[in-house]
Amino acid sequence: MIVVRDGQVLAKVAMPIAGLLADRPVETVAEEVAALEEGWKELGCFIHAPFMTFSLIALPVIPEIRITNRGIADVTEFRLMETEIRAVE
């Protein structure tokens, strides 16, 4: 994962194991992820975990829904789906 502005790398997290896993200590990776968050905020992106959001958009096992900046969309019906957030006690 990488954040770039005007050709300059602001932050990155290398994931050399199948493009999914890092091969460094968790503390190092956590610092890199925190730097990513600062980088995308610096670019004006305030979506929580945008890399995960973008990954889910293309996930082939859910071909009929997509996550958007407006919520979960039913792409076969071209409408936003109603969602409910429940508190866990």
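All values reported here derive from a predicted model rather than from experimental measurement.
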Please tabulate, one pair per line, all N/O donor-acceptor pairs under 3.5 Å involving side-chain atoms of residues 4-13, not counting sequence neighbours.
from: Arg5; atom 1: NH1; to: Glu42; atom 2: OE2; distance (Å): 2.7
from: Arg5; atom 1: NH2; to: Glu42; atom 2: OE2; distance (Å): 2.9

Identify each donor-acceptor pair in which a side-chain atom of residues 14-25 lies under 3.5 Å from a protein atom, sequence neighbours left out, and give them as a table.
from: Arg24; atom 1: NH1; to: Ala14; atom 2: O; distance (Å): 3.2
from: Arg24; atom 1: NH2; to: Ala14; atom 2: O; distance (Å): 3.1
from: Arg24; atom 1: NH2; to: Glu32; atom 2: OE1; distance (Å): 2.6

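For residues 10-29, there are no ring-ring contact (aromatic ring centres under 6.0 Å, His included) pairs, not counting sequence neighbours. Applying the ring-ring contact (aromatic ring centres under 6.0 Å, His included) test to pairs two or more places apart or on separate chains, none has a residue in residues 5-29. Pairs engaging residues 13-34 under the ring-ring contact (aromatic ring centres under 6.0 Å, His included) rule: none recorded [sequence neighbours left out]. Residue pairs that meet the ring-ring contact (aromatic ring centres under 6.0 Å, His included) test with at least one member in residues 2-51, sequence neighbours left out, are Trp40-Phe51. Within the structure, salt bridge (charged side-chain N to carboxylate O under 4.0 Å, His left out) contacts touching residues 43-54 (residues at least two apart or in different chains) do not occur.
Annotation: the span from Arg79 atom CZ to Asp74 atom CG amounts to 5.0 Å, rounded to 0.5 Å.
With sequence neighbours excluded, no residue satisfies salt bridge (Lys or Arg N to Asp or Glu O under 4.0 Å) with Arg70. The side chain to side chain donor-acceptor pair (under 3.5 Å) check on Glu31 picks up nothing, with sequence neighbours excluded.
Here Val75 sits alone; no ILVMFWY side chain lies under 4.5 Å from its own, so it joins no hydrophobic cluster.
One hydrophobic cluster, built from ILVMFWY side chains closer than 4.5 Å, holds both Leu43 and Val33.
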